[in-house]
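Reviewing the structure listed below.
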Protein chains: 2
Amino acid sequence: MISFRDNIVFLLAKAHQRAQGVLKAYLQAFGLTPMQCLFMEALWEEDGLSVGEIGRRIALDTATLAGVLDRMVTAEWVRRETDQVDGRVTRVYLTEKAREAFPGLASAIEVTNNELLNNFSLEEKLLFKRFLRDVKD
Amino acid sequence: MISFRDNIVFLLAKAHQRAQGVLKAYLQAFGLTPMQCLFMEALWEEDGLSVGEIGRRIALDTATLAGVLDRMVTAEWVRRETDQVDGRVTRVYLTEKAREAFPGLASAIEVTNNELLNNFSLEEKLLFKRFLRDVKD
DNA sequence: TATTATTACCTTGCATGCAAGATAATAGCG
DNA sequence: CGCTATTATCTTGCATGCAAGGTAATAATA
């Protein structure tokens with residue numbers, strides 16, 4: 001019997017828990033959650049994505065996405081617009097408020113990454129990220 | 001600006017998401033969630049732990065624990081008992097049903113770990129686990 | 001073109017996960 | 001002993017996260 005302390009699912013869950021906690025603390029000043037910030041990061045890469053495409057890029061199902069999107073529209077970080085060509089598609093656009101917050105958020109993300117990987121050398125960081133991508137597949 | 005694809009928080013979240021998904025699928029046959037299984041793993045290590053001690057060992061706050069415990073008592077995986085000496089303390093004990101499920105659950109956990117780390121050598125597995133423990137601290 | 005299949009999105013129900021506050025029991029201290 | 005501080009647990013409110021099912025719009029096909 002493997003101790004749960006050596007179970008990779010547990011180790012991933014708790015590392016993720018700590019990482020989420022650090023980022024969450026830094027984002028609190030902006031009134032944003034890590035998921036909401038991730039949502040906007042997808043749009044910084046390409047504004048006007050459809051809800052489905054955002055979900056594919058950040059690997060989140062549309063059920064969860066719907067709630068996140070609702071809250072972000074309410075908080076005026078983004079606006080939704082039905083596609084002119086395909087009436088099924090909802091496109092999402094960043095607001096001015098979101099664009100203004102960009103530098104601060106980018107900084108929060110960078111500081112978080114540095115803090116989380118403080119004990120890692122550059123090589124270790126790269127190896128660690130490769131490992132994370134290699135989990136299952 | 002770091003792409004979210006290189007953000008360690010995102011990488012951890014998604015690796016955890018995949019890991020959770022694999023374990024969840026294997027546990028479905030038992031009618032258990034990964035969290036409920038983890039909860040029982042803590043009790044296999046030491047039966048009769050208090051709610052608070054379980055939370056410390058699996059790094060979960062009591063707010064979340066309360067709900068998990070309720071569902072596990074209802075499903076008769078565990079029973080709760082107020083400590084005889086300290087009336088504030090609730091102790092949790094595994095039921096016969098839980099003990100019978102043990103071999104199957106241990107196997108599910110092992111299969112999950114092998115599947116998730118299929119591409120890893122033994123050295124890489126050890127290094128990866130060390131990295132996960134080294135995230136923040 | 002009429003019908004069927006597919007697609008995009010949404011809604012509901014259930015299970016975490018955390019912050020903040022409430023409650024009850026015990027411990028500590030004069 | 002009586003009062004205060006601490007501790008253990010529970011409750012509520014909000015935000016994910018997923019499974020399953022619903023709806024509307026478009027695509028595919030006869």
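Reminder, nothing fancy here: chain letters follow the sequence lines and each chain counts from 1.
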**Q.** Partners passing side-chain hydrogen bond (donor to acceptor under 3.5 Å, both in side chains) against B:D70 (at least two apart in sequence or in another chain)
**A.** B:R80

Q) Whole-Å distance between D:dT26 P and A:D83 CG? A) 9 Å

Q: Sequence neighbours left out, what passes side chain to side chain contact (heavy atoms under 4.5 Å, CB included) with B:N118? Give chain and number order.
A: none

**Q.** Nearest-Å distance for atom pair NZ/C1', residues A:K14 and C:dC18
**A.** 11 Å

Q: Check side-chain hydrogen bond (donor to acceptor under 3.5 Å, both in side chains) between B:D86 and all other residues, then give those that pass, not counting sequence neighbours.
A: B:R88

Q) Is the CD atom of B:E96 crowded by more than 12 outside heavy atoms at less than 6.0 Å? A) yes

Q: Taking only heavy atoms on the protein side, list every residue of residues 23-42 of chain B lying under 4.0 Å from any atom of DNA chain C, sorted numerically.
A: B:T33, B:M35, B:Q36

Q: Measure the distance from CD on B:Q17 to P on C:dT16 and round it to the nearest whole Å.
A: 16 Å

Q. Rounded to the Å, how far apart are A:E53 CD and C:dC9 C1'?
A. 15 Å

(Q) In this structure, how many angstroms lie between the C1' atom of C:dG17 and the CZ atom of A:F10, rounded? (A) 14 Å

Q. Below 3.5 Å, does any donor atom in the side chain of A:R88 face an acceptor in the base of C:dT7, or the other way round?
A. yes

**Q.** Beyond-backbone contact of B:E46 with B:L43, side-chain heavy atoms, under 4.5 angstrom
**A.** no

Q: Without swapping roles, check the side chain of A:K14 against the backbone of B:I58 for a donor-acceptor pair under 3.5 Å.
A: yes

(Q) Taking side chain to side chain contact (heavy atoms under 4.5 Å, CB included) as the definition, give me every residue that meets it alongside B:A66, ordered by chain and number, with sequence neighbours left out. (A) none

I'd like a table of atom pairs between the protein and nucleotides 3-5 of chain D - only N or O on both sides, under 3.5 Å - with the distance next to each one.
none

Q) Quick one: ring pair (Phe, Tyr, Trp, His ring centres under 6.0 Å) partners of B:F10, sequence neighbours excluded? A) B:F4

Q | salt_bridge(A:R91, A:E53) N-O dist < 4.0 Å | A | no

Q: Please indicate whether A:K136 has more than 12 foreign heavy atoms, meaning atoms of other residues, nucleotides or ligands, lying under 6.0 Å from its NZ.
A: no

**Q.** Near-strand residues of residues 106-115 of chain B, defined as heavy-atom separation under 4.0 angstrom from DNA chain C
**A.** none

Q. Among residues 57-80 of chain B, which contact DNA chain C at a heavy-atom distance under 4.0 Å?
A. B:L60, B:D61, B:A63, B:T64, B:V68, B:R71

Q: Evaluate the salt bridge (charged side-chain N to carboxylate O under 4.0 Å, His left out) criterion for residues A:E81 and A:R79: first the C-alpha distance (whole Å), next the side-chain angles of each, then the deciding distance (0.1 Å), finally the verdict.
A: CA-CA 7 Å; A:E81 209 171 287; A:R79 61 187 167 80; 2.4 Å; yes

Q | Salt-bridge present (A:K129, A:D134; N to O < 4.0 Å) | A | no

Q: Side-chain contact test, heavy atoms from C-beta onward, threshold under 4.5 Å: evaluate it for B:F128 versus A:L132 and give yes or no.
A: yes

**Q.** Residues in side chain to side chain contact (heavy atoms under 4.5 Å, CB included) contact with B:L126, at least two apart in sequence or another chain
**A.** none

Q) Nearest-Å distance, CG (A:D86) to C1' (D:dA24)? A) 11 Å

Q) Rounded to the nearest Å, what distance is computed from the NE2 atom of residue B:H16 to the P atom of nucleotide D:dT16? A) 16 Å

(Q) Regarding B:D6 and B:S3, do their side chains bring together a donor and an acceptor under 3.5 Å, going by distance alone? (A) no

**Q.** A:Q20 CD - D:dG17 P separation (whole Å)
**A.** 7 Å

Q) Between the two end axes of the helix from C:dT1-D:dA30 to C:dG30-D:dC1, each built from 5 base pairs, what angle do you get to the nearest 10°? A) 10°

Q) With A:E76, which residues qualify under side chain to side chain contact (heavy atoms under 4.5 Å, CB included), at least two apart? A) none

Q: Report the residue (B:Q84 or A:S50) whose heavy-atom-nearest nucleotide on DNA chain C is the more 5′ of the two.
A: A:S50

